[in-house]
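Working notes, structure below.
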Amino acid sequence: MSQAITAAPEITLGRTDYGLILQQVSFEYAGVRILEDVHLAIPAGQFVCLLGPSGCGKTTLLRLIAGLETPAAGAITSHGESVTGPSLERGVVFQDYSLFPWMSLRENVSLAIAKARPAMTQAERQIQAEEYLQLVGLQDAWRKYPGELSGGMQQRGAIARTLALGSPVLLMDEPFGALDPVNRVKLQDLLLAIWSGSERKKTVVFVTHDVEEAIYLGDRIIMLGAAPGRIIDDITVDFPRPRARHALLDSREFQALRGRVAAKFHEDLIRRLEAETAIHGVAEGI
Amino acid sequence: MNVSESKVIPVSAPLPAKAAARVAPGTQPATALVLRILRGREGWLFLAGLLLLWQLASTHLHLSSKYLFPTPWVTLRALWVSLPELLKGTVSSFIILVPAYLLAVFAGIAWGLLVGTTPALHRMFAAFARLASPVPPTVYIPYAIALLPTFRTAAGFVVFIGVFWPVFLNTTSGAAALPQRYRDNARILGLKKGEYLWRIVFPAALPHIFSGMNVGLVFSFIMLTVAELFGASAGLGRFVQYYADYADYPRMVAGILYTGLVVLLAIELLERLKKRALFWVK
């Protein structure tokens, strides 16, 4: 289903041209297979959306890439290096509560800077922290604590902190999933502006279950099916950037893409149901 | 303390809508007013009632000798007269209590954070903690006095034990209950163990730690005053014991009241510290 991309990456490009390479990655939890045979190569600077229904293991896949979990089988490489644990090379934004509530916004960002650039003095760190907060539109709130901020502002802060790490890989786990529609749209645009505005584009893996969000943001959509989680489709989204949201949403191409995604999920659902009936059929025979 | 407020409001003054709505139809406005003034001050009312009961019991009951059960007024005078001695006793008690308390809090937090975040340490220490922590520290007092060179070190030791366990146990459970998301974020940021303990686990466990410190504070006063009953030459517990021995019950009761007041103040102080430290808890 995904021809060129799932071919062995070493052949088409040098290993280091890839931001992330996953080879036959699988994961089990309590004896249950969560992810099976995930094979994926992401070129550096690509914006990839992991799209799938809940329970398909997309968050688990992100945690594996982050190094927060260890795969049961297979290998993950990030910019040519094997992933064995979390690293400053891969910043993560979680869905919510990423910031430490006992630190002000500036302290939260400063902490990341202190880890990424230990040589800096505290004064320099604080100035830089304020710059990162300015980048996400929080320049006036640096004194505030996460508990005093709205969900949208907290996520802006979390993005600022992750950017402050300066990681070439940015992993985002449904970062806008808990936000209201208006804030969600604002933050999507902010993220795209920051991503495309940087000189060396970051490799982004963005987990979502929202089809429109995936199409609007991504260069590429990796669709995951459930039980066990595995890649069921690999779609290139080649709408030119910058993307105009309304024109894009109304376009025929967008509708076609959404149709393809919906059909694929439907197909996976049917397959799963049939598998269940088959098991039942056997069980009834006994 | 709120007398002026009640004087200012004339009886005929219209009640605010909220208060008026609560008054049942047919209730006299004067009764309603009294009820309204008393709202939120039930605690003081109870204390006043208790004081009155004390007064009546000490003057009318003739339970036993009036020396054994002094009136509030006699007690107050005894308190006033003994104030210099009580203050000196407080200083003497605090010289033991404060360092022992602080040391125990520090040790309990540090060790609790380590044990709570290091499974191997937890396995090593858990059995011992389960065995040793429930022992009432008062039982160590005679031995501590016999074993240690001075009364102060002995009393300090017992206070330390009394404070250490609640602080340690609460810190450990607070550290062990650290939400996964904080752990993940700390790992993503690449925090080293020391930083992780100090900047993440410690603040996250603070609500637990404060409840341990609160229990420990009450314990520390119990330990100290009990220890002072055994062998002190000064201090709050010693004061009470001394006047009980001489059957000066007004002073003894005054000593009890005064001790209660000191403990109350100490708890209040800790409560304020907690409010400041936990400003971020919603």
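For clarity, every value in this text was computed on a predicted model and none was experimentally measured. Labels below follow one simple rule: chain letters A, B, ... track the order of the sequence lines, proteins then strands, and each chain is numbered from 1.
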Inter-residue atom distance [X].[atom1] - [Y].[atom2], 0.5 Å rounding:
| X | Y | atom1 | atom2 | result |
| --- | --- | --- | --- | --- |
| A:Phe94 | B:Asn185 | CZ | CG | 5.0 Å |
| A:Met103 | B:Ile200 | CE | CD1 | 4.0 Å |
| B:Arg181 | A:Gln95 | CZ | CD | 11.5 Å |
| B:Leu189 | A:Thr162 | CG | OG1 | 8.0 Å |

Geometric class of the A:Trp102/B:Tyr182 ring pair [parallel <30°, tilted 30-60°, perpendicular >60°]: perpendicular
Can you name the closest pair of heavy atoms from [X] and [Y] and give their distance?
| X | Y | answer |
| --- | --- | --- |
| A:Leu111 | B:Leu191 | CD1-CD2, 4.0 Å |
| A:Leu88 | B:Ile188 | CD2-O, 3.7 Å |
| B:Arg187 | A:Leu68 | NH1-O, 3.4 Å |

[X] atom [atom1]: more than 12 heavy-atom contacts under 6.0 Å:
| X | atom1 | value |
| --- | --- | --- |
| A:Phe27 | CZ | yes |
| B:Phe279 | CZ | yes |
| A:Lys144 | NZ | no |
| B:Glu42 | CD | yes |
| A:Glu81 | CD | no |
| B:Lys193 | NZ | yes |

Contacting region of [X] [heavy-atom separation from chain A under 4.5 Å]:
| X | value |
| --- | --- |
| B:Arg183 | neither |
| B:Leu206 | neither |
| B:Ala277 | neither |

